[in-house]
Amino acid sequence: MLDLSVIILTYNEERHIARSIGNAKRIAKQIYVVDSYSTDKTCDIAREHGAIVLQNKYVNQAQQFIWAMENCPIKTEWTMRMDADEYLTDELITELEEKVPLLPANVTGCMLPLMVKFLGKPLKHGKIRKIQILRLWRTGKAMMEQRWMDERCYVTEGEVVSMNYYFIDENLNGIHAWTQKHNNYANREIVAAYEGYWNDSVSGGNGLESRNKEKGKYYKLPKFLRAFIYFFVRYICFGGFLDGKPGFIWATLQAYWYRYLIDAKIEEMEYYIGKNPTPQEMRTYFKERFNINVDK
């Protein structure tokens with residue numbers, strides 16, 4: 001067991017939370033569940049399994065996790081972020097137990113590779129590169145990006161190292177819940193894509209640009225065609241077809257449901273407020289259509 005605390009954000013996660021806490025307890029001294037006022041049994045189950053439960057009103061993922069870092073009374077040397085539908089593999093637990101205590105003081109964070117498991121199958125193909133995410137850091141040495149989508153933690157000082165073995169994202173709520181969640185993700189993706197209109201601190205300037213060049217290039221492609229390109233590149237060029245039927249369903253949902261839905265919502269937005277709206281017009285649109293207040 002490491003000198004480690006784990007933070008898990010939740011909202012109606014009764015299907016996942018026992019698995020998540022049980023997995024985290026194999027390596028962590030303390031688990032904190034920061035809940036957004038769930039209406040199911042999430043908090044009761046979390047307490048039954050030994051977690052400390054705090055609650056806070058949800059605005060977005062970034063702000064909720066920043067609140068968690070500021071309000072969880074963490075005393076351990078290391079902090080880890082996990083989502084309720086994620087868990088560490090046995091191999092990663094062993095790797096962390098062996099390597100983390102030996103890290104020099106200048107190493108303040110660990111990048112963990114992510115593997116999605118869908119319909120019982122790990123999706124090993126269809127990715128441009130191995131997905132590495134900062135999920136473990138020395139307490140007080142990391143911060144969360146203030147973004148509406150694809151928010152990530154980053155170390156505020158020191159260096160990071162990468163682990164070899166994976167943590168797993170396996171959501172058990174089914175495709176119905178997946179489509180509902182990704183409908184909300186699509187709204188947040190559009191807000192994040194246009195964030196430069198009102199937030200000067202967002203790199204890359206105004207308009208449909210992302211914090212990274214790859215998304216910036218993606219959004220410069222024609223709407224709707226880019227969803228097809230997304231599918232072709234990931235499913236054909238990068239071997240998503242090697243993951244069998246689950247890989248095909250996943251790639252189709254990601255491209256022709258989620259990415260296509262984003263483009264449809266952008267088309268709808270441009271119909272109502274034009275292609276060059278003012279910042280105030282965008283604020284009003286996001287509030288009225290998506291119930292997102294970008295000034296919070």
Side-chain angles (χ1 to χ4, degrees), residues 5-11 32-37 54-74 79-84 86 108-112 114 131-160 169 181-216 218-219 262 265-266 269 277-296:
S5 296
V6 176
I7 299 174
I8 305 170
L9 304 186
T10 59
Y11 178 72
Y32 295 93
V33 168
V34 177
D35 183 73
S36 304
Y37 294 97
L54 296 83
Q55 290 186 300
N56 185 57
K57 184 178 179 180
Y58 186 89
V59 177
N60 60 40
Q61 196 81 348
Q63 291 191 35
Q64 188 77 337
F65 196 77
I66 291 170
W67 186 93
M69 289 194 290
E70 292 174 347
N71 289 274
C72 292
I74 295 174
T79 300
M80 176 181 283
R81 173 196 173 190
M82 294 294 290
D83 290 343
E86 297 172 345
T108 57
C110 297
M111 305 290 288
L112 308 184
L114 169 67
I131 301 173
Q132 296 264 5
I133 306 175
L134 182 75
R135 287 301 187 89
L136 176 65
W137 57 86
R138 293 188 190 273
T139 301
K141 303 297 184 182
M143 182 48 66
M144 169 70 80
E145 294 175 316
Q146 281 275 19
R147 294 188 58 81
W148 283 92
M149 190 66 184
D150 293 332
E151 65 289 325
R152 297 285 175 90
C153 288
Y154 61 92
V155 294
T156 55
E157 60 180 88
E159 300 178 7
V160 298
D169 178 338
K181 181 169 70 173
H182 280 72
N183 182 41
N184 291 325
Y185 282 176
N187 298 340
R188 290 165 50 192
E189 176 81 18
I190 295 170
V191 173
Y194 281 91
E195 196 168 6
Y197 271 94
W198 63 82
N199 186 351
D200 293 336
S201 66
V202 176
S203 60
N206 294 334
L208 280 176
E209 294 175 297
S210 162
R211 65 189 170 105
N212 61 70
K213 293 181 179 179
E214 289 178 359
K215 273 201 173 180
Y218 175 82
Y219 279 118
I262 291 169
K265 290 192 176 200
I266 291 174
M269 181 177 70
T278 66
Q280 186 56 48
E281 287 174 328
M282 301 206 76
R283 287 185 176 93
T284 301
Y285 186 87
F286 292 147
K287 177 62 178 176
E288 292 179 351
R289 293 281 173 163
F290 302 157
N291 195 29
I292 291 177
N293 185 349
V294 300
D295 294 319
K296 282 190 176 182

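As a basis for the values below, the full set of heavy atoms in this structure was taken, side chains included, without hydrogen atoms, waters or symmetry mates.
The two atoms that bring A68 and V34 nearest to each other are CB-CG2, 3.6 Å, heavy atoms only. Smallest separation of non-hydrogen atoms from W137 and C153: CH2-SG, 3.8 Å. Summarising the geometry of Y285 relative to K265, their closest heavy-atom pair is OH-O, 4.5 Å, with the distance given to 0.1 Å. The two atoms that bring M144 and M69 nearest to each other are N-CE, 3.7 Å, heavy atoms only. The two residues I262 and I190 have their closest heavy-atom pair at O-CD1, 3.8 Å. Counting all heavy atoms, side chain and backbone alike, W148 lies closest to N293 at CZ2-O, 3.4 Å.
Side chains of L112 and L114 form no contact here, defined as non-hydrogen atoms less than 4.5 Å apart. Side chains of V59 and W67 form no contact here, defined as non-hydrogen atoms less than 4.5 Å apart. Using a 4.5 Å cut-off on side-chain heavy atoms (C-beta onward), Q64 and N56 make contact. You'll find the side chain of I66 reaches within 4.5 Å of the side chain of Q146, heavy atoms only. Under the 4.5 Å side-chain criterion, counting only non-hydrogen atoms from C-beta, R188 is in contact with Q61. Taking 4.5 Å as the limit, every side-chain heavy atom of I266 sits out of range of all side-chain heavy atoms of E189. Side-chain contact between E86 and R135: present, with at least one pair of heavy atoms (C-beta onward) separated by less than 4.5 Å.
The distance from atom CD1 of I7 to atom CZ of F65, rounded to the nearest 0.5 Å, is 4.0 Å. Note: K287 NZ to F290 CZ = 13.5 Å, rounded to the nearest 0.5 Å. To the nearest 0.5 Å, the span separating OG1 on T139 from CD1 on I74 amounts to 5.5 Å. If you take CD1 on I8 and CG on D35, they are separated by 11.5 Å, rounding to the nearest 0.5 Å. The distance from atom CD1 of I131 to atom CE of M111, rounded to the nearest 0.5 Å, is 11.0 Å. In this structure, the separation between CE on M80 and CG on L134 is 10.0 Å, given to the nearest 0.5 Å.
With sequence neighbours left out, R81 forms a salt bridge (Lys or Arg N to Asp or Glu O under 4.0 Å) with D83, E151. Judged as a salt bridge (Lys or Arg N to Asp or Glu O under 4.0 Å), and not counting sequence neighbours, the contacts of E157 are K141. For Y185, the ring pair (Phe, Tyr, Trp, His ring centres under 6.0 Å) test picks out H182, with sequence neighbours left out.
At least one donor-acceptor pair closer than 3.5 Å links the side chain of Y32 to the backbone N or O of P73. A donor-acceptor pair under 3.5 Å is absent between the side-chain atoms of Q63 and the main chain of N60, judged by distance alone.
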